[in-house]
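Quantities reported herein were computed from a predicted structural model and do not represent experimental measurements.
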Amino acid sequence: MPKFVFLPPLSDAIRRWAEQLRSEGFDDVEIVQVADPDRAADVIADADAAFGSVPIDLLSHAGSLRWLQAPAAAPPPGFFYPQLAEHPVVVTNFRGIYSDHVPIHAMALVLAMARNLPHYFTQQQQGSWDPIPDESSVIHLPEATALIVGVGAIGSALADHCQAFGMRVLGTDARITEHAHAEIHSPDALDRLLPQADVVILTVPHTPQTEGLMDFRRFRLMKKTAVLVNIGRGPTLRLDDLVHALNTGEIAGAGLDVFETEPLPADHPLWRTPGAIVTPHVAATGPYLDDRRYRVLSENLRRFLSGRPLINVVDKTRWF
């Protein structure tokens, strides 16, 4: 009988998934949950499939592992490493389940900066009434251009939202070549596209190719009136370079939900940088996520047991 292992740590939702799988008729697979990390090596030794993270020391014990369901759309740092890439195990993830919550959060950041809300947030705390009289400080969306860096499921939904506000939409992506509401370019066109954008939105995953993608050199390619949003992954943007760009007026504003270091240290200057909006990695927050994760997991388990191709397969060398 095939063996499927839930690796630690086990959340309350993950603990429920095992019972849910059994209740749905997965009687032809042994389902094991491991709460104690010290037991993981013994349990994974004869496992055919697993859910969770498999660090390098644990991988050496996984003699039969053929499928690994990653615990997130973008797994934690260190999830992918050369030995895992070389291993025959197929890795899948949870991409595609966040394409309502995250794009809406991103648009909230875009709208806030387009209307100078960071300035007024500060005034509210100070009890100060100081309207900005200069209309050029407003980004008039029907005449603005958005550049979406990474047009996957989230970026695709974002393109629809931006278009609905009348924006011209440009995009870069390594896989997607066309979109109904966006002009799509390859990733190597980024430097050419940045000067055209009034709003730059990062949705790309953290990969060897995207780490440090946005640095001071690229901030200088943006319009001085442009704003930047990052709801992808923190390591794609150099925070110190962003603070410098905001303080020197290279760009007008930034809204970030993800950061190079999380939690963002309390003494980091970004908290107090004019023109910045900080949210604590909450863009994906919303209903139904655990149900969506379970549906991906159960569908892949059915496919695995029947020998059919899995969904959401990851290129292990590119991390997505």
Side-chain angles (χ1 to χ4, degrees), residues 70 72-82 84-85 93 95 102 106 109-110 113 146-152 154-155 158 170-176 184-197 199-224 226-265 267-271 273 275-281 283-284 314-320:
F79 182 92
F80 292 104
Y81 47 89
L84 183 63
N93 66 14
R95 67 177 178 265
V102 177
L109 294 173
V110 170
M113 288 183 291
L147 171 58
I148 299 173
V149 184
V151 190
I154 291 171
L158 260 172
L170 305 174
T172 65
D173 198 84
R175 292 176 173 173
I176 304 299
I184 306 299
H185 300 261
S186 64
D188 59 13
L190 180 60
D191 286 358
R192 176 170 56 84
L193 298 174
L194 283 170
Q196 303 180 43
V199 177
V200 177
I201 308 173
L202 304 182
T203 72
V204 289
H206 175 209
T207 72
Q209 291 74 36
T210 64
E211 184 165 327
L213 182 72
M214 292 300 296
D215 56 12
F216 190 69
R217 181 186 72 81
R218 285 203 162 107
F219 295 136
R220 294 191 66 183
L221 295 177
M222 294 171 58
K223 297 178 181 180
K224 291 185 181 298
V227 298
L228 180 140
V229 169
N230 189 8
I231 44 81
R233 278 294 178 261
T236 64
L237 184 153
R238 300 300 187 203
L239 276 186
D240 290 345
D241 287 5
L242 174 64
V243 170
H244 184 47
L246 289 169
N247 285 331
T248 57
E250 294 297 335
I251 64 173
L256 277 70
D257 187 59
V258 291
F259 308 87
E260 279 185 295
T261 301
E262 294 189 2
L264 184 67
D267 60 351
H268 196 283
L270 185 65
W271 289 108
T273 300
I277 301 177
V278 172
T279 60
H281 205 144
V314 175
D315 180 338
K316 293 184 290 182
T317 63
R318 301 172 72 184
W319 303 0
F320 72 98

Given side chains that start at C-beta, do those of L194 and M214 come closer than 4.5 Å, heavy atoms only? yes
Which distance, rounded to the nearest 0.5 Å, do you find between the CG of L202 and the OG1 of T172? 9.0 Å
Would you find a donor on one side and an acceptor on the other, under 3.5 Å apart, between the side chain of D173 and the backbone of V151? yes
What one should report as the nearest heavy-atom pair of M113 and V229 is CE-CG2, 3.4 Å
Identify the heavy atoms of V227 and M222 that sit nearest to each other, and give their distance. O-CE, 3.9 Å
Does T210 use its side chain to pair, donor to acceptor, with the backbone of P205 at less than 3.5 Å? yes
Looking at D315 and F320, would you say the former's side chain and the latter's main chain have a donor-acceptor pair under 3.5 Å? no
Using a 3.5 Å distance criterion without hydrogens, assess whether the side chain of R218 forms a donor-acceptor pair with backbone atoms of L213. yes
Would you name the heavy atoms of L193 and G171 that are closest together and state the gap between them? CD1-O, 4.4 Å
Close side-chain approach of T248 to F216, heavy-atom, < 4.5 Å: yes
Looking at L242, D257, T236, which hits side chain to side chain contact (heavy atoms under 4.5 Å, CB included) with N230? T236
Parallel, tilted or perpendicular: which describes the rings of W319 and H206, with under 30° parallel and over 60° perpendicular? perpendicular
Nearest 0.5 Å, please: how far is CD1 in I231 from OG1 in T203? 5.5 Å
Taking the side chain as everything from C-beta on, heavy atoms only, tell me whether L264 gets closer than 4.5 Å to L256. no
Closest non-hydrogen atoms of P75 and A73, given as atom of the first, atom of the second and distance, are CD-O, 3.7 Å
Kindly indicate, with the supporting measurements, whether the criterion side chain to side chain contact (heavy atoms under 4.5 Å, CB included) is fulfilled by V110 and L158. CA-CA 11 Å; V110 170; L158 260 172; 5.9 Å; no
A197: which residues meet the side chain to side chain contact (heavy atoms under 4.5 Å, CB included) condition with it, sequence neighbours left out? L147, V200
Hits for side chain to side chain contact (heavy atoms under 4.5 Å, CB included) against E260, two or more places apart or cross-chain, chain-then-number order -> R238, L239
Considering all heavy atoms, the nearest F219-I251 contact: O-CG2, 3.7 Å
Close side-chain approach of V314 and R95, heavy atoms under 4.5 Å: yes
Could you grab the distance from atom CZ of F259 to atom NE2 of H281, nearest 0.5 Å is fine? 9.5 Å
When rounded to the nearest 0.5 Å, the distance separating CD of E211 from CZ of R233 is 13.5 Å
Sorted by chain and number, sequence neighbours left out, side chain to side chain contact (heavy atoms under 4.5 Å, CB included) with D240 holds for H268
Over all heavy atoms of both residues, which pair between F79 and L84 is shortest? Give the atoms and the distance, please. O-CD2, 3.4 Å
Separation between CG of D241 and CG of L246, rounded to the nearest 0.5 Å: 11.0 Å
Please report the interatomic distance CD(Q209) to OG1(T317), rounded to the nearest 0.5 Å. 7.5 Å
Ion pair R217/D191, N-O distance below 4.0 Å: yes
